Amino acid sequence: MATVKPSGDPYDRIYAVVRRIPRGRVATYGQIADLAGLDGRARQVGYAMRTLAIEGVPWHRVVNSRGQISARAEPGGDRVQRQLLEREGVTFDAADRLELAHYRWRPKMDGRPSRRPRAQASL
DNA sequence: CATATGGCTCAAC
DNA sequence: TGTTGAGCCATAT
């Protein structure tokens, strides 16, 4: 019995999206957030995973926008994620990054409104 | 209820 | 390529 979050909410959608990531493909937190309807809240996507310690959800297919595995709270955890990806055919370069342009998952996104750009501070 | 982080992201240097 | 700065918001204390 996992430490289930009270109230199903957005988290359920996040898992649903992550689960839809095909094998050998990866997605970014921002992408998941976008698909889950949490546009702009990429952080919470990562949070949802860390806090819930999911089962049956290919969390390892979720990386940051640089195509790199972010360091997580657990020691060596990022290493595990990398191995899981390599096992699915994903290769990493010397900088521990994968070619997002090649591995990024592209869902249909039919009829979904584009995410609104954040208001950048005027410099 | 107020702070302090944090598996993020984008734009500009 | 990497660094810096600012925005976002849920968890943790």
Side-chain angles (χ1 to χ4, degrees):
Chain A
M1 46 78 50
T3 328
V4 198
K5 277 270 82 109
S7 34
D9 19 9
Y11 292 86
D12 253 5
R13 256 181 294 193
I14 293 174
Y15 304 135
V17 174
V18 176
R19 265 188 261 240
R20 280 164 64 196
I21 304 176
R23 190 159 167 271
R25 279 289 194 284
V26 299
T28 68
Y29 295 97
Q31 191 179 349
I32 301 293
D34 188 16
L35 293 170
L38 302 169
D39 56 291
R41 289 165 259 234
R43 253 183 174 155
Q44 274 55 269
V45 174
Y47 253 108
M49 316 227 162
R50 189 206 78 167
T51 48
L52 296 190
I54 342 180
E55 291 177 36
V57 177
W59 58 274
H60 56 268
R61 293 183 191 141
V62 184
V63 297
N64 62 26
S65 65
R66 295 183 217 161
Q68 190 167 24
I69 299 171
S70 308
R72 299 161 0 282
E74 280 182 80
D78 51 303
R79 190 185 57 201
V80 174
Q81 180 170 4
R82 172 169 172 167
Q83 289 187 16
L84 282 166
L85 287 174
E86 290 180 321
R87 203 165 133 202
E88 297 191 347
V90 179
T91 57
F92 289 77
D93 62 15
D96 297 295
R97 294 185 302 200
L98 51 84
E99 201 174 340
L100 257 189
H102 185 63
Y103 292 112
R104 192 188 260 203
W105 171 51
R106 290 164 200 154
K108 302 227 159 180
M109 293 199 191
D110 43 293
R112 205 175 282 278
S114 316
R115 67 203 261 255
R116 32 164 233 255
R118 234 180 320 96
Q120 188 68 233
S122 28
L123 17 159

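So you know, we letter chains A, B, ... as the sequences are listed, proteins then strands, and number each from 1. Just so it is clear, the structure is predicted and the values come from calculations on it, not from any experiment.
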Does A:R43 have a side-chain nitrogen or oxygen under 4.0 Å from the phosphate oxygens OP1 or OP2 of B:dG6? no
Any base atoms under 4.0 Å from A:V62, or only sugar-phosphate, or nothing? Heavy atoms, all strands. base
Donor-acceptor pair, A:E88 side chain versus A:P22 backbone, under 3.5 Å? no
Given side chain to side chain contact (heavy atoms under 4.5 Å, CB included), test A:H60 with A:Q83 step by step and report yes or no. CA-CA 9 Å; A:H60 56 268; A:Q83 289 187 16; over 6 Å; no
Show every salt bridge (Lys or Arg N to Asp or Glu O under 4.0 Å) that has at least one partner inside residues 92-101 of chain A, sequence neighbours left out. A:R82-A:D96
A:D96 CG - B:dG7 C1' separation (whole Å): 15 Å
Could you check how far CG of A:D12 sits from P of C:dA10, rounded to whole Å? 16 Å
Nearest to the side chain of A:R50, heavy atoms from C-beta on, is which of B:dC8, C:dA12, C:dC9? C:dA12
Does the side chain of A:S65 get closer than 4.0 angstrom to OP1 or OP2 of B:dC8 through an N or O atom? no
What's the CG-C1' distance between A:L100 and C:dT1, to the nearest Å? 16 Å
Closer than 4.0 Å, any side-chain N/O of A:R97 to the OP1 or OP2 of C:dG2? yes
Report the hydrophobic cluster partners of A:V26, with the cluster defined as I, L, V, M, F, W, Y residues connected by side-chain heavy atoms closer than 4.5 angstrom, directly or transitively. A:V63, A:I69, A:L85, A:V90, A:F92, A:L98, A:L100, A:Y103
Nucleotide B:dC8, atom C1' - distance to CZ of A:R66 in whole Å: 9 Å
Apply the test side chain to side chain contact (heavy atoms under 4.5 Å, CB included) to residues A:V17 and A:W105: give CA-CA distance (whole Å), side-chain angles for both, the deciding distance (0.1 Å), then the verdict. CA-CA 11 Å; A:V17 174; A:W105 171 51; 3.9 Å; yes
What does the 5'-to-3' dot-bracket notation of DNA chain B look like when only Watson-Crick and G-U wobble pairs under 3.5 Å count, and pairs to other strands show as |? .|||||.||||||
In whole Å, what is the span from the CD1 atom of A:I32 to the C1' atom of B:dT9? 14 Å
Looking only at side-chain atoms of A:Y11, point me to the closest of B:dG6, B:dT9, C:dT11. C:dT11
Residue pair A:S70 / A:D78, side-chain heavy-atom distance below 4.5 Å: no
Please report the distance, rounded to the nearest Å, between CZ in A:R82 and C1' in B:dG7. 17 Å
Round to a whole Å and report the spacing from OH of A:Y29 to P of C:dG7. 24 Å
Starting at atom CG of A:L98, determine the distance to atom C1' of B:dG7, rounded to an integer number of angstrom. 14 Å
Ranking A:Y47 and A:T28 by the position along DNA chain B of their nearest nucleotide, the one closer to 5' is A:Y47
Using a cut-off of 6.0 Å, state whether more than 12 heavy atoms not belonging to A:R19 lie near its atom CZ. yes
